[in-house]
Amino acid sequence: MRRLLLLACVLLLASCKPETNTPVPGTTPSAGSGPEVAELSLVDAQKKLASGELTARALTQAYLDRIARIDKAGPTLNSVIELNPDALRDADALDAERKAGKVRGPLHGIPVLLKDNIDAVGMANSAGSLALAGNRPTQDAFLVARLRAAGMIILGKTNLSEWANFRSTRSTSGWSSRGGQTRNAYVLDRNPCGSSAGTGTAIAASLATIGVGTETDGSIICPSSVNGLVGLKPTVGLVSRNGIIPISISQDTAGPMGRSVTDVAIFMNALAGVDEADPAGHAAAGNIPDDYAAYLKADSLKGKRIGVLRQTMGFNPEVDAGIEKSIAALKAAGAEVVDVELPTYGKWDAPEFEILLYEFKDGLNSYLKSHGSAHASLEALIAWNTANADKAMPIFGQEIFEKAQAKGPLTDAAYIKARDDARRLAGKDGLLAALDGDNLDAVIAPSMSPAWLTDPVNGDHFTGAGYGVAAVAGTPSITVPMGESHGLPLGVTFMGRPYSEPELIGFAYAFEQATKARKAPEYKATISP
């Protein structure tokens, strides 16, 4: 969910008890007694389930064991905030269906982790806040209902940056008052980035086959990049937002985070769907292909014209070098690569923040009231945080909450102007103008800097990223591993026109197959000179 790291260093959510196990930094997790699931792809899991080599129960139990072994002990990643108490029962039911000859599709029996801002019956939905620890939805989010219908097993919820990093300008990504601090799986003292931090770390560490994150501005792309994952931020409205604790109705979206483009493409078939109750959902009709995986072609870049947004570069020499290597790989794959420039670059930042303040207050108040929350408004949450500051605000405050509370309704002229300005500057006069003006198929930019040291005193140390224009424009983007810096993953982001997810998946797949840049995490304690 978002890019306010540039404006206020803020992102998304979490839930789970702070870790109590003694960590063993830098140790590589040992294999359990069950089936080996480290780096198990969705395709390989499908094959093992279909052949009978694995059952859904055995696969689910293997992930539960791995979570106990390395998330709650061992390296103590602290990425999973809550487990679904019905996970094994659901797995048994799906095994019974398979035995009876009923297979719902390619995702039948596949375990998935959800970010803890998504409603799922049987678990709390807290946005990482202790104030919402008792928020137990009675209905699944639209997307969760789709996943269950596809035969997926909801394994649990992942920690996130509290309130999606939209509480304070000094927030620390991956920290929540309910869940504590999530670590980066590659180097434990580094930050997992963004509000979908828990999903990023958990999927990098193979704690589930695949995961769901959410983004307003960077919260899928950022944690995917620093955790060596493929993350897809869809066009706003392609994946329903109903049942997700909101920040912005203009920019929020959920999306897949996985260890390969193939896994992400297959998963998108279940996530994408027309929800007429979503204000942007109706536009998705006619824009969803029969099968996103049909676009997984190694020659997808041949003859394509790709733009490089160099305005997003220059903040880290190793990131710049990674982009240059990526450009060479694109050319070798048959693409024409040209430099592009956005005259409006960065001009959308101020109106974007204004939009988010207005929309957060309006959307959160609606969510809290519809869910019968004990704290039925943003104003009430501010009061609860103040009264419980020792446990709710031990390392940073709630100044963004307070700024949002001061805003009026969405009929305010200031809001309407900011909304229209931001979308135009990033979209019509920004990314879309570059794509159309230079006859481009996509634009690339560095996804993120390498992961910074987690710092609870000063907050996040954000130095640069390239995903923001697509986030504000509401258009799709996908990050793919492109290399590393001192063992820390680096990603490149492909951005395109609305509903161009199939083409972007194809480009990302061709790039992935040409570079094979992703490496599995080694759970290092720190980076030694």
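We count residues from 1, following the sequence as given.
A donor-acceptor contact closer than 3.5 angstrom links the side chains of Asn135 and Tyr367. Of the N and O atoms on the side chains of Ser173 and Asp460, at least one donor lies less than 3.5 Å from an acceptor on the other residue.
Applying the salt bridge (Lys or Arg N to Asp or Glu O under 4.0 Å) rule to pairs touching residues 254-268 yields nothing, sequence neighbours excluded. Residue pairs meeting the salt bridge (Lys or Arg N to Asp or Glu O under 4.0 Å) criterion with at least one partner in residues 382-399, sequence neighbours excluded, do not occur; the list is empty.
In terms of the side chain to side chain contact (heavy atoms under 4.5 Å, CB included) criterion, residue partners of Thr262 (sequence neighbours excluded) are, by chain and number, Val43, Ser260, Ile266, Leu296, Tyr509. Lys48 is linked by a salt bridge (Lys or Arg N to Asp or Glu O under 4.0 Å) to Glu53, counting only residues two or more places apart in sequence or in another chain. Residues meeting the ring pair (Phe, Tyr, Trp, His ring centres under 6.0 Å) test with Tyr358, sequence neighbours left out: Tyr415. Considering only residues two or more places apart in sequence or on other chains, Ser225 meets the side chain to side chain contact (heavy atoms under 4.5 Å, CB included) condition with Ser447, Met448, Thr479. For the side-chain hydrogen bond (donor to acceptor under 3.5 Å, both in side chains) test, residues two or more places apart in sequence or in another chain that qualify with Asp278 are Arg241. Taking the salt bridge (Lys or Arg N to Asp or Glu O under 4.0 Å) definition, one finds that Lys519 meets it with Glu484, sequence neighbours left out. Listed by chain and number, the residues in a side chain to side chain contact (heavy atoms under 4.5 Å, CB included) with Arg89 are Asp86 (sequence neighbours excluded). For Asn365, there are no side-chain hydrogen bond (donor to acceptor under 3.5 Å, both in side chains) partners at least two apart in sequence or on another chain. In this structure, the ring pair (Phe, Tyr, Trp, His ring centres under 6.0 Å) partners of Phe396, at least two apart in sequence or on a different chain, are Trp175. Remark: His108 pairs with no residue by the ring pair (Phe, Tyr, Trp, His ring centres under 6.0 Å) rule, at least two apart or across chains.
Side-chain N or O atoms of Lys157 include one that pairs as donor or acceptor with a backbone N or O of Ile118 at under 3.5 Å.
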ring-ring contact (aromatic ring centres under 6.0 Å, His included) assessment of Phe401 paired with Phe360: CA-CA 9 Å; Phe401 265 27; Phe360 178 66; 5.5 Å; yes

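Within 6.0 Å of CD on Glu379 lie no more than 12 heavy atoms contributed by other residues, nucleotides or ligands.
For the pair Glu359 and Ser248, the tightest heavy-atom approach, listed with the atom from each and the gap, is OE1-OG, 2.5 Å.
Between Arg167 and Glu162, at least one side-chain N (NZ, or NE/NH1/NH2) sits under 4.0 Å from a carboxylate O, which counts as a salt bridge.
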